[in-house]
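Values below: every heavy atom of this structure, side chains too, minus hydrogens, waters and symmetry copies.
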Amino acid sequence: MIFGRIQPAACRVWLCRQVSQRQDVCCFSSVPSQPVPPLALTLQGYLRALEPLLPPEELSHTRRMVQEFGRPGGLGAKLQEGLERRARHTKNWISDWWVQWAYLESRQPLPVHSNPAISLPRRDYNDWRSQLVFASKLIAAVLDFKAKINSGQLPVEYMRGKPLCMELYPLLFSSCRIPGPKHDYISRHGRSRRSPTHITVVRNYQFFQLEVYNSDGSRMTESQIHSQLLRIRSQSWKTDKEPMGILTSEHRHTWGQAYNRLLRDKLNKESVRLIETGLFSVCLDSPVMRISDEKYASRKAAQILHGGGTFSNSGNRWFDKTLQFVVGEDGSWGILYEQATAEGPPIATLLDHILDYCEKPDPKRAPLVPLPMPKKLYFHIDREIKRDIEHAKQNLDILINDLDVNVFNFTEFGKELPKKHNLSPNSFIQVALQLAYYRVHNDVCPACDIASQRMFRGGRTEYIRSPMNQTLRFIQAFDNPSVSTLFLYILSSCYVQALKGHGIDHHLLGLKLQAIEEGLSIPKIFMDTAYGLATHWKLRTGQVPANTDSVMCFGPLVPDGYAICYNPQADHVHFSITAFNCCEETNAETLAVTLKETLYQLQELLQPAV
């Protein structure tokens, strides 16, 4: 995900208004509507993207098809008019469709395939007592962040001088994805008349409802939260035999069926409802198994991403929940979030707030009032549910064992090197990724980065395609230093332009969905094998710049692909690379080694030895 550094405005806050007597607020920011890109521009970009991927005959065939689709008065023009009409009558012409198509209609399991994880630097402790102290601080920090949202004190964020849409922030809390037979839906409770006042804490596969507000409406202090976490620990000494959370890791159709069976029982229905309506979840994990310091970063990121398996901490997750904070007994910690509601930049802002808050002492003394015992959530598990859990355990372990995670810190240089040579750090790293991929596979491939669209009202994200024509020319010229240096600057400029311009993929998706909306047959260009090839993302990349040494991690989009995340700091860059072991062609470690070598060579290109 590419977002540039998001800047909060120091002295401007959201425009807010109170609704009735409720504490929640409706927040607005002065951002424009998202325009529908010109049809001709998108079709030109699509053909350019296909040029390095198709042989000449197939490219000619597709070009004729695209020209027919885009001719004046043709089908494309009609669908374009429909999209422009939709843009005039909706908050955002693509965001709802995108969330539905990309997330809610996907039937793949949420762990690995969908939910991103962010692993943060290990805290300096290695025992359960310090784990609970830090978890108390973290919970208080998140509640403080929520209070800023509710009171309208969260500053409007800016990117490249433009205000960003802030609508996602209130939706992060008390929301949960609900499985369905054909598609899921999002259940939101944060704006109900009686907004939830509890969180869910999970330890040893057991779920607890923890109230985090006092009877007078004030937030609990850190010491109050800490005393409650001690109570939870005393009620969860042994690991629960039946890890209910594992069910949420299943294929969505399978989980949807199990969900309906589970909710037939009144006790189960109440327990599930309390998990779904909670502000967020906190997972108190057992230590990550430490093999070596070299592999610890990878193992730690994998733990946040999927829990490490059914014999580790996977039973401490409820993968449908929008926000899950993971706090390990060994000092590991991070966040796992569900993408239909949350996305990278707001999560990064939340994490920055947590880190700042954790540097401060507890500002409040605990009031001398008795606290209610945290409520343990019980489940009635019949033979069918027990069978569902066993199947889910098997399937999750297969998925986890299939995922290769390689996290490393490249320490030779960071973003200051390309900056010193007037190159965009993100573009520079993108060039390195493409060159490394080519060296491993002797080919270029469809590659996408994910750019924020929050400069528009209700905007979410857009795929930004790597400029493959220029990439291929750079790769071919790389062994000639004088030529390749020139190409490096040209290619970097192409990446920068790609970020500023209109993306093509959400527009193409919109045209396809508009045809379906109007009851028309799916246009031929979307049935063409070229479209399938162009959207088979073998390289899914994401830059999430943060103020700390964090690293994001998620699985590849396709079975024979990679997912690469990076966080450039001044003098180093954090990377995570994932690939599936079942594919003989891909290997995360091989690509990681090649990427390091490629970065060294690009450094030599910019700074030749005297």
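R383 contributes atom CZ, which lies 13.0 Å from atom CG of D388 (distance to the nearest 0.5 angstrom).
With hydrogens and angles ignored, the 3.5 Å screen pairs a side-chain donor or acceptor of D397 with a backbone N or O of T310. A donor-acceptor pair under 3.5 Å is absent between the side-chain atoms of R123 and the main chain of N126, judged by distance alone.
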Checking E270 against N268 for the side chain to side chain donor-acceptor pair (under 3.5 Å) test, could you report, in this order, the C-alpha distance in whole Å, the side-chain angles of both residues, the deciding distance, and whether it holds? CA-CA 5 Å; E270 176 63 14; N268 296 344; over 6 Å; no
Run the numbers on N581 and N401 for side-chain contact (heavy atoms from CB on, under 4.5 Å), then give the verdict. CA-CA 8 Å; N581 292 318; N401 290 331; 6.0 Å; no
Residues R317, D285; criterion side-chain contact (heavy atoms from CB on, under 4.5 Å); working and verdict: CA-CA 10 Å; R317 307 286 184 270; D285 277 11; 2.7 Å; yes
Under the side chain to side chain donor-acceptor pair (under 3.5 Å) rule, what do T349 and E157 come out as? Steps first, then yes or no, please. CA-CA 10 Å; T349 302; E157 293 169 336; 2.7 Å; yes
Can you list the steps and then say if N115 with H306 is a side chain to side chain donor-acceptor pair (under 3.5 Å)? CA-CA 9 Å; N115 290 3; H306 50 57; over 6 Å; no
Mind running side-chain contact (heavy atoms from CB on, under 4.5 Å) on L279 and H198 for me, showing each step along the way? CA-CA 6 Å; L279 296 169; H198 71 278; over 6 Å; no
What's the verdict on side chain to side chain donor-acceptor pair (under 3.5 Å) for S332 and Q303, showing C-alpha distance, side-chain angles and the deciding distance? CA-CA 9 Å; S332 60; Q303 278 281 333; over 6 Å; no
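Ring pair F325/W333: centre-to-centre distance not below 6.0 Å.
Residues S119 and K300 bring a donor and an acceptor atom of their side chains to less than 3.5 Å of each other. Residues T277 and S174 bring no donor and acceptor atom of their side chains to less than 3.5 Å of each other.
Remark: D124 CG is loosely packed, at most 12 non-hydrogen atoms of other residues, nucleotides or ligands lying under 6.0 Å away. Within a 6.0 Å sphere centred on NZ of K376, heavy atoms belonging to other residues, nucleotides or ligands number more than 12.
Of the candidates K137, R219, K360, D144 forms a salt bridge (charged side-chain N to carboxylate O under 4.0 Å, His left out) with just one, namely R219.
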